[in-house]
Every structure is written in structure tokens, then in C-alpha cells.
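Lettering follows sequence order; numbering is per chain, from 1.
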Number of protein chains: 2
Amino acid sequence: MDHQIQLTERKKVLLSTIIKDYINNVEPLGSRTICKRHGFDVSPATIRNEMAELEEAGLLYQPHTSAGRIPSDQGYRFFVNHLMAPYVPTPEEHQFLSRLQQTSKAVDAILSHSIRILSKATHSIVVAEAPTLRQTPVKGLHMTPIDDTSMVLTLTYSNGIQRQSLINLAQPVYSDMLSMLTNYLNAHLGHTLLDELFHKMATFPLEREIQYYKNAVLDMVSEIYSHVQREEKIYLSGTSHLLKEPEFQTTEKAYPILQFLEHDTFVRQLLQSVAFNAPPESEVYCVIGNENSYHELQDCSLIATRYYIDSKASGMIGVIGPTRIDYPKVMSLVQSVAGSLTQVLTKLFT
Amino acid sequence: MDHQIQLTERKKVLLSTIIKDYINNVEPLGSRTICKRHGFDVSPATIRNEMAELEEAGLLYQPHTSAGRIPSDQGYRFFVNHLMAPYVPTPEEHQFLSRLQQTSKAVDAILSHSIRILSKATHSIVVAEAPTLRQTPVKGLHMTPIDDTSMVLTLTYSNGIQRQSLINLAQPVYSDMLSMLTNYLNAHLGHTLLDELFHKMATFPLEREIQYYKNAVLDMVSEIYSHVQREEKIYLSGTSHLLKEPEFQTTEKAYPILQFLEHDTFVRQLLQSVAFNAPPESEVYCVIGNENSYHELQDCSLIATRYYIDSKASGMIGVIGPTRIDYPKVMSLVQSVAGSLTQVLTKLFT
DNA sequence: TTTTAGCACTCTCTTCATGAAAGTGCCAAT
DNA sequence: ATTGGCACTTTCATGAAGAGAGTGCTAAAA
């Protein structure tokens with residue numbers, strides 16, 4: 001963390017200036033340029049000394065000796081946590097985002113539309129989850145075998161919603177096994193999130209007489225889990241924006257990211273992992289550069305937040321851009337869009 | 001067309017050789033290289049003379065004087081129409097494609113899965129339409145106003161299928177106008193495809209007393225049309241493969257194409273236009289390079305075919321790659337996948 | 001008549017040297 | 001604490017030189 005880093009006021013201004021300049025110009029910044037371009041009233045030499053110290057603190061780095069400085073991931077993190085001024089959307093952006101209000105009545109269309117708007121407003125890639133009940137505790141569950149290899153899973157959530165899904169399994173279902181699992185889970189359920197539920201399923205203590213089902217149960221549970229997950233659609237928009245970014249001009253740089261985005265599973269995991277990496281009180285999550293665990297996205301940042309449908313369901317929506325993405329602006333726009341989305345969807349379901 | 005082009009046997013072999021080599025090596029071919037690499041028993045000079053004539057016929061061209069030759073769009077066209085040997089899938093491909101059989105029971109999942117398989121097998125971009133009834137004649141239609149700005153459109157197709165869609169309009173609906181339009185259309189319907197139907201709607205001769213509705217009617221019809229179209233989902237897979245192709249290494253080359261693919265409307269139009277450009281008797285359509293009307297896709301070819309759900313519905317599925325795509329192989333794989341898709345979907349609905 | 005060898009010419013691509021720009025660190029002076 | 005000066009680095013653009021691959025044309029050979 002960066003809480004122990006203490007900077008003088010001047011260092012803060014300097015860091016802030018470097019980051020804002022770099023976000024726009026995408027070129028290493030030297031001491032002379034900083035003085036001239038941003039009207040500092042000290043000499044380049046002073047700036048040099050300050051920058052050397054900022055580099056020592058890990059907030060800046062040089063791509064090579066005798067080049068200007070570039071903000072490091074930690075530098076951005078400090079900026080986002082402590083320096084950033086709130087962004088006020090321009091009138092054009094405001095007007096642009098207002099198009100979110102007049103939308104159709106299908107959730108799918110609303111989401112598609114929203115991510116396209118956000119993508120256009122930020123000139124970046126946008127990803128979103130379809131609304132899920134993953135954040136809502138499960139009150140009860142029921143599994144009914146249909147035939148040899150298929151079953152219906154019914155989940156009852158704490159807010160009263162029920163969800164059913166037809167699941168085809170690779171191997172035969174044993175109905176006694178099913179009912180035993182069901183009973184056990186319902187007895188030990190409490191208020192459990194779906195993910196925890198599956199964890200319970202997988203570690204469920206088999207009684208002696210059905211011990212030899214062990215592997216069958218595990219297979220089944222993991223299959224059900226992946227089935228339930230697969231149902232949650234991923235929305236993606238604006239991937240081609242990436243190719244316009246100076247840092248992704250070579251196809252070797254851009255390829256891994258586009259490749260990554262083609263796998264819904266990865267994107268889903270990424271979105272679901274966001275909340276763990278960031279302080280829970282924050283409204284808009286930032287995952288900066290290397291903070292995420294996917295090496296394909298090392299040079300990217302994700303700015304995401306959650307939208308809600310009333311208390312019924314929710315989903316993540318986020319923007320992916322280069323590490324030097326315009327944090328204040330994008331965070332503000334993401335929040336606006338998620339807000340409108342919450343509003344529109346909630347109105348739709350009441 | 002290329003029907004008048006007559007080539008000696010040797011020229012055919014030569015053209016064929018050049019195309020096949022270029023598909024693999026993506027480099028202009030010179031006379032010396034051809035002789036050495038492909039064991040021609042004539043001298044480079046002879047090859048040079050032959051190539052000069054093939055260039056005169058428009059089948060080859062040189063990127064600059066004193067470079068080797070590259071097949072032109074017409075060259076590929078001649079190859080596809082007259083020279084190409086049928087491709088026999090390798091055992092691995094066969095096995096790979098067989099995964100199409102064991103799929104889920106949702107049309108959406110089956111399509112997603114199929115295009116992913118095809119994309120992996122061809123290392124190219126795959127696009128597909130969701131099944132539509134666009135190829136099925138309409139027997140009757142009905143429009144029921146719901147409230148001021150919404151209506152239900154019911155279409156009855158010649159094979160008995162009915163489709164309803166709820167349509168929200170921007171401006172108020174006049175119910176007398178609706179019933180008038182409905183009556184007129186049903187009277188003059190015959191067996192009409194959906195596209196023709198909308199054409200009829202737009203040109204429908206208004207009676208004097210409602211003449212002043214004219215614009216309202218046109219607006220409404222175009223809105224309904226775009227709504228009906230929008231319902232037809234576009235599937236897309238493997239876009240990142242493009243960045244691996246030598247001809248799209250620079251982002252300026254790759255960007256317009258990825259940009260194009262992000263617009264469902266364009267892709268839909270592209271797929272719908274395929275059948276017009278190619279002879280109707282062919283099973284697999286090829287649109288080579290400039291033959292398509294989208295300048296973004298000038299350097300690409302599209303290889304597409306139609307899959308069917310029984311006699312109920314159908315859709316296009318196709319592969320997009322660089323102009324020097326491996327026509328025999330991809331045509332064969334596209335056909336296989338479309339075949340399996342037809343089989344799986346048809347089984348599902350009977 | 002067709003094929004081939006020879007030759008002059010063209011165009012691209014790589015390599016290398018060179019110099020300009022922009023930057024740094026450090027030291028001594030302010 | 002700040003600054004000017006200076007030696008030193010590193011990248012980048014430019015141009016020259018030479019290798020490599022190819023062509024067209026002509027005249028001789030088959």
C-alpha cells in the first residue's frame with residue numbers, strides 16, 4: 001500500500017503534473033520540458049532532484065538512462081488515492097450520456113446500448129456482466145432429476161427470486177445422491193452466496209455408504225457450477241479502440257489483450273475479482289497495471305463499478321484502457337453510466 | 001467475369017502454383033524461386049515470359065517493378081472457379097469438427113459453440129447470423145396497437161410459423177392507419193419475402209384522405225424494419241486472429257476491419273449481400289477482395305454458406321480472412337460446419 | 001517457333017556511421 | 001535549498017553503400 005508514502009506539497013504537484021501530462025502526450029517527461037510546458041518557477045535542476053526522489057519512492061521510472069520519467073503503477077495508484085481532482089463531465093458528455101435514458105425495454109438491449117455509449121464516450125474498451133444474483137444470498141435450493149443425464153436446479157434467493165436452470169450432465173445422475181446433497185445443503189445453508197454454496201457442495205462430507213460416489217459428485221458439482229456461470233452473458237464493446245492507443249501500435253502488444261477479451265470466462269473472472277482487490281468502501285474500483293493477476297493485462301487498467309437492479313440483482317461494468325488511462329474522467333463516466341443503468345433497470349422492474 | 005479467359009495447361013499449373021505458394025509464404029514470387037522451389041523443368045526465363053502474359057491477363061501483378069508476382073483478386077477468382085482441387089480435411093480437423101455434434105440444447109449456445117470451433121479450425125474470423133425467416137415467404141401480417149406508441153407485429157410465414165414482436169415507436173401510432181396498411185398488405189401479399197414486404201410498405205399508395213400521414217407512415221415502417229432487423233443477432237468469433245496475419249501487422253491495416261466488425265448492422269448487411277454476388281447454384285459463396293462493396297474489407301475475402309433449420313429458418317455463416325486465405329481448405333471447413341449446424345439444429349426442432 | 005542464357009537495370013532491405021535532440025547526474029557556486 | 005554548467009547517455013532520423021531478388025530484352029540454341 002501507499003499509506004506510508006509522505007510527499008511534500010511540491011512533490012505532489014510535480015507528480016500530478018507529470019501524470020496528467022503523460023496521460024495526454026504519452027511520452028517520457030524531462031525536467032526542462034516540465035518547466036517550460038507547465039510554468040514551474042524553479043529551474044530544471046531542482047525538478048531533476050525532486051524527480052530523482054520520486055523515482056526512489058517508486059512513483060516514477062525511466063525507460064532508460066537519460067530519458068524522461070514515466071509514472072509507475074504505484075505512481076498512478078498514489079495519484080488515484082490521494083491527488084486526483086474530481087472530474088466534471090463536459091456539457092457534450094452530459095448530453096451524450098443522457099441518451100441512456102431513452103432506451104428499450106429489454107435488459108439485453110439496455111446493456112448493449114449502455115456499453116456502446118460508454119465506449120464511445122471514453123474511446124476505450126467496455127466490458128460488463130449481465131445482471132447476476134451472485135451478490136444475493138441463497139435461501140434454498142432444489143435439484144430434480146429429469147432423466148438419466150439431466151436435472152433442473154432451482155435456486156431460491158433471500159429476496160424471493162427463484163431461478164431455474166436445466167442442466168445436462170456428462171455422466172448419469174443418481175437421484176438418491178441428489179436428494180442427499182440437497183438435504184444436506186438446505187440444512188446447512190444459512191445465508192450463503194452462490195460461490196460459497198458451491199464451495200460447500202464441493203467439500204460436502206459424504207457419508208460412508210456413498211463415499212464411492214465422491215468423484216461423481218465432484219464432477220457433477222463442477223459441471224453445474226460452470227453451467228450456472230456460463231449463463232451469465234458478458235458484454236463487450238469498442239475493442240478496436242485499443243489499436244488507436246500509442247502503446248498498442250504493434251500487434252504483438254495488442255494481440256494478447258484482444259485474445260484475452262475473446263474469452264468470456266476470463267473477462268467474467270476479471271470482473272468478479274475486482275472487488276477483492278480494492279477497498280470495499282470505494283464506489284468505483286480501479287485495478288492499475290500489474291495489480292491484476294492476468295499477465296495479458298499487465299499494461300492495462302480496469303476501472304469498474306457495480307450497477308444494480310433494485311435489490312434483486314447486480315452486475316459489474318467497467319472500462320479497460322492502457323495504464324495511463326484518464327482516471328478522473330473515466331471513473332466519473334463509469335459511475336454516471338452505472339448510475340443511469342441502475343436507475344433504468346430498476347424502473348423497468350418495479 | 002472470367003469465362004472468356006483461356007489458359008494453356010502450363011499457365012494453369014503455374015498460376016495454381018503461385019497462388020498456393022503465396023497463400024503459405026505471403027511473399028511475391030519470382031521466376032527463379034518458382035523453378036527451384038516447385039521443380040519446374042523449364043528455365044526461369046520461360047517462367048518469366050509466362051508470368052508476363054498472366055499479368056497481362058490481369059491474374060497477377062507486381063507490387064513494384066522488379067519484384068516477384070502476387071495473385072490479383074481476379075487471379076484468386078480464376079483459381080476458385082477453375083483450378084482449385086477439393087480439399088480433404090485432415091483427421092485432426094475431422095475430429096475437431098466432430099465436437100459440433102455434442103452440444104447443448106439452446107440455439108444460442110449451439111451457434112456460439114460452432115463459430116468458435118470454426119474459428120479455431122481456420123485461425124480466422126468467423127461471423128454468423130442467428131437463424132432468420134428472411135428466406136421464408138410471408139403469408140400474412142397483423143399489426144395491433146397496444147398503446148399510443150407501441151404495437152405488436154405478427155408475421156405468419158408460409159411454413160406456418162408465427163413470429164410476434166413488440167415494437168416501440170418514436171411517434172404516436174394511428175390505429176386507423178395501421179389497419180389500413182394491414183389490409184392493403186394482406187390483400188397484395190402473395191408469397192413475399194420480408195425484405196420485399198417492407199419495400200411494399202414503404203411504397204404503399206396512400207389514399208387521398210390519409211395522404212398527410214405519408215411521412216408518419218414512412219417513419220414508422222423504417223422503424224419497424226430496423227427493429228425487426230435488430231432482433232437478428234450477429235455472432236462473431238476470433239477477431240484477434242487478424243493480428244497474426246502478415247498483411248495486417250500494422251494497426252492502420254487492422255483497425256478498419258475490427259472497427260467494421262463491431263457494427264452488427266454492417267456485418268448483417270455483408271452477410272445478406274453475399275448471395276447476390278455469387279452464382280446461385282454454388283453452395284459455398286466466395287467474395288474475393290474488392291468484389292465486396294465495403295472498402296474496409298478491400299483486402300479481405302469472405303467465404304460463407306447458409307445453414308438451415310429444417311425448412312423453418314436459415315442463416316449465413318462465414319469466415320473472413322485476408323484475400324490470400326486458403327480457399328480450398330476454408331471452403332471445405334465452412335461447408336462442414338454449416339452442414340453439422342443444419343443437422344444439429346434440425347434435429348433439435350423435430 | 002519455343003526455350004534459354006546472358007546482361008543491364010531497378011527496387012527494396014539491411015547495415016552502418018553520423019549528428020542532432022533530449023535527457024541525466026553531479027559538482028561547485030549562489 | 002537552488003541553480004548553472006558540463007560531461008556523458010541514449011534514442012532517433014538521415015543518408016550512403018552494398019547485397020539480394022527480380023525484371024525485360026536480345027540473341028543464340030533447340
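- Between A/Cys300 and A/Ile257 the shortest side-chain heavy-atom distance falls below 4.5 Å.
- Checked against D/dT23, C/dG25, D/dT2, the side chain of A/Arg10 finds its nearest nucleotide in D/dT2.
- Regarding B/Ile70, its CD1 atom lies at a distance of 14 Å from the C1' atom of C/dC11, rounded to whole Å.
- Side-chain atoms of A/Tyr87 and A/Glu93 include a donor-acceptor pair closer than 3.5 Å.
- Between A/Glu27 atom CD and C/dA21 atom C1' the separation is 12 Å, expressed in whole Å.
- Rounded to an integer number of Å, the gap from OH of A/Tyr61 to C1' of C/dG23 is 16 Å.
- D/dA30 atom P lies 17 Å from atom CG of B/Asp41, rounded to whole Å.
- A salt bridge is absent between A/Lys253 and A/Glu245; no separation between the charged side-chain nitrogens and carboxylate oxygens falls under 4.0 Å.
- The side chain of B/His64 sits closest to C/dT12 out of C/dT12, D/dT10, D/dT23.
- Summary of the strand contacts: B/Asn49 and B/Gly68 both lie near DNA chain D, and taking for each the nucleotide with the nearest heavy atom, the more 5' one is attributed to B/Gly68.
- Checked against D/dG22, C/dT3, C/dT24, the side chain of A/Ser31 finds its nearest nucleotide in C/dT24.
- When the P atom of C/dT12 is taken as reference, atom CG of B/Leu29 falls 18 Å away, rounded to whole Å.
- Here the closest heavy-atom approach between residue B/Cys286 and residue B/Ile303 is recorded as SG-CG1, 3.9 Å.
- Nearest heavy-atom pair across A/Ala121 and A/Lys329 is O-CE, 4.3 Å.
- A donor and an acceptor atom, one from each side chain of A/Thr305 and A/Glu283, are nowhere located under 3.5 Å apart.
- For the helix from C/dT1-D/dA30 to C/dT30-D/dA1, the axis fitted to the five pairs at one end and the axis fitted to the five pairs at the other end meet at an angle of 20° (nearest 10 degrees).
- The side chain of B/Ala52 lies closest to D/dG24, out of C/dT3, D/dG24, C/dC11.
- In this entry the distance linking CD of A/Glu55 with C1' of C/dT24 reads 10 Å, nearest Å.
- OP1 or OP2 of D/dT3 lies within a sub-4.0 Å distance of a side-chain N or O belonging to A/Thr46.
- In the set D/dG22, C/dG25, D/dG24, the nucleotide with an atom closest to the side chain of A/Arg69 is C/dG25.
- Taking only side-chain atoms of B/Met51, from C-beta outward, the nucleotide of D/dT23, C/dT24, C/dT4 with the closest atom is D/dT23.
- One donor-acceptor pair, N or O on each side, does fall under 3.5 Å between the base of C/dG6 and the side chain of B/Arg48.
- Checking B/Ser237 against A/Glu262 by side-chain atom types alone, no donor-acceptor pair falls below 3.5 Å.
- Straight-line distance from the CG atom of B/Asn25 to the P atom of D/dA21: 14 Å, rounded to whole Å.
- Nearest nucleotide to the A/Gln62 side chain, out of D/dT23, C/dG25, D/dT2: C/dG25.
- Distances from the side chain of A/Ala45 to the nucleotides D/dT3, D/dT23, C/dG23 place D/dT3 closest.
- When rounded to the nearest whole Å, the span between CZ of B/Phe40 and C1' of C/dT4 equals 17 Å.
- Within the structure, every side-chain polar atom (N or O) of A/Ser66 is placed at least 4.0 Å from both OP1 and OP2 of D/dC8.
- Taking the six-membered ring wherever Trp is involved, the centroid distance between the rings of B/Tyr294 and B/Phe260 falls below 6.0 Å.
- Contact annotation: side chain of A/Ser43 to base of D/dT3, donor-acceptor pair absent below 3.5 Å.
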